[in-house]
Amino acid sequence: MKKISILGLIAALAVSACSPKTGDMLGSTQEAAFDQKPIETSINLTNVADDRLLVQINPGMFTQDTDTVLFRMPRVVQGTYSISDFGTFAEGFKAFSYDSTEMGVAKTDSNTWAIPNAQNLDRLEYYVNDTFDIEGSDQPTPFSPAGTNISENVFVLNLHGFVGYFEGREDHGYEISITHPLEMNYSSALTRISADTTGQNVSITYRADRYFDVTDNPMMYGDLTQERFEAGGIEIVFSVYSPSGNHTASQYRDVVNTMMQAQSNYIGDMETTDRYDIFLYLSSGQQDATGYGALEHQTSTVMIYPDQVNQQMLNSGLVDVVAHEFFHIITPLNVHSEDVHYFDYNDPTFSKHLWMYEGLTEYFASHFQVYEGLQSREAFYDKMLGKIQAASGMNDEMSFTVMSENVIDEPYASNFYNVYMKGALINMCLDIMMRDFSDNERSMISLMRTLSEKYGKDQPFEDDVIIGEITNMTYPEIGEFLQTHVVGTTPINYKEYFEMVGLTMTEVESDVTVFFRDQQTPFINVNQSTGEFYFMDTGLNSTLVELGVQPGDIIKSVNGVELNLQNARTFIGQTFQWTPDTDLTMILVRDGEEIEVSGKVGNPTAMSLKLVEMEDAGSDQVQLRNWWLGESAE
Ligand SMILES: [Zn+2]
């Protein structure tokens, strides 16, 4: 999964808009309760009722000694590390016996229905509401790339949002039939077993070998533009939904092609997939998805991004986000622990190794770009430094393994975002060490190749022994680093690792705007629980200092306009149009009391860190740097 910080994207949007109008249980003990017919499920997209879809499920025959069975929608899906409660979007749940009478059903929690006398159960039906259009309402919604959309123009079928499972039957097969109008475009990575045309509609039946495959194979139907091409030996199916029609798959085919080819080169000789589906849903932002980013699957990804971005921004967004999701094929998809492999959708346990699943994935997604010559070294340096700065706003003394294991609880949940920041940096240090100790014979990508050969998608590792195993496979220093900085709570001194490759961090005075250091790094942050914006303690700019602003001050209003999450994009867009003569008045809240500050915008500057190459770097340092970043970028 990759979550994009709201502020980072707001900033990027504001800059671009010149006129700112804008996640298999082994049910071994109870297997006998079912016959082996697949669970038949049907969904008819031509029959939307009150923005809902009817889901019909025929579970096959339960044996005579079956009493109560539990039917569940997932509480958590893999890759999201948060609670989704898909059961809260299902309603009108009915169970019918073989003589077509309605049976008594008890909803026992948000996601569970208990069906007594299941030996009489013939079929189930229920309606499902979509999640995108109520994002931002009082009802909690899943992370958008795991969510669902039902509309005339486009259906986002993350199937775990529609199709549930019988407890203990997670490894039972499914046949899922989707009926759609003949002319409607669609794509699905699931294996298609039949198609029946009736009048103007067609019903396609897909097979899923177990519930994991139901959750792991999203579909998109609707007004899609699509491109199909081969890149790096993989058949890419790229489907784009853009409500404005401003973005089409053909516009982005080249950038996706170049990226996938480069990723394939970077991964080298490792089994990935024959086909990869990219589902790009561009959101209008109004009663629509706002959780920007993407979710990984074995053979596909669903990415959500704002429709308002321009082509250049979507190009770089696609590279950063889709590359990240594709690299997830390495981990956790091919290298993962038992917690991931035997995932419990209702009451999951979490692995200790997000430093690897998310951190390493994010590192690869940045590193391959410079290593394969898609990006300059300077851009890569800026990106790594940006991660150091973003990580500095989070708890640097929190054990990554403890955070990982407890990721849905506080205080860990609010530090999850650090997996993309410090998580990537952990792996940057490890990669530099691996290349140094092996004279560039080995690296983090070669380590993962070895681990994926040993484990692969069907064989989990033991959560508590993998660090010891990696240590035995590599160098004692790698084990020591992991114990100290990943298991342990000691912050990393990045300077040491930069020094190894002849890089140094230096402060330079740079022009900034009142609220942003650069496109990615704001001086302000938002408290997600209260929606309040405040000034961070990562340094202020000259204008803010002159106004008397202090770190921690909450921003109530700016020039008479109250600042909140709803108007932040428009507001920030306007700030980029300020001139040095613009008058600026802010009402701030400090220690519970309102204060007013005012003055001119002026020409704000701030001391900014830059990661630069040492002029007096020795040949060993330069050699290691070239090994690390790839000779091709020299
Ligand atoms: Zn991820």
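In each ligand, atom 1 is the first atom listed, and ligand 1 is the first ligand listed.
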Inset, instruction - Tell me whether M1 has at least one N, O or S atom under 2.8 Å from the Zn ion (ligand 1). - result: yes
Legend entry - the Zn ion (ligand 1) to H324: nearest N/O/S atom name: NE2
Inset, instruction - Could I get the full list of salt bridge (Lys or Arg N to Asp or Glu O under 4.0 Å) partners for D463, not counting sequence neighbours? - result: none
Inset, instruction - Tell me whether the guanidinium CZ or amine NZ of K3 lies under 6.0 angstrom from the six-membered ring centre of F143 and within 45° of its axis. - result: yes
Legend entry - Metal site angle (apex the Zn ion (ligand 1)), OE2 from E358 and NE2 from H328, 10 degrees: 90°
Legend entry - side chain to side chain contact (heavy atoms under 4.5 Å, CB included) against D382, all qualifying residues, sequence neighbours excluded: K610
Inset, instruction - Assign the ring pair Y211 / Y174 to parallel, tilted or perpendicular, where the plane angle (0 to 90°) is split at 30° and 60°. - result: tilted
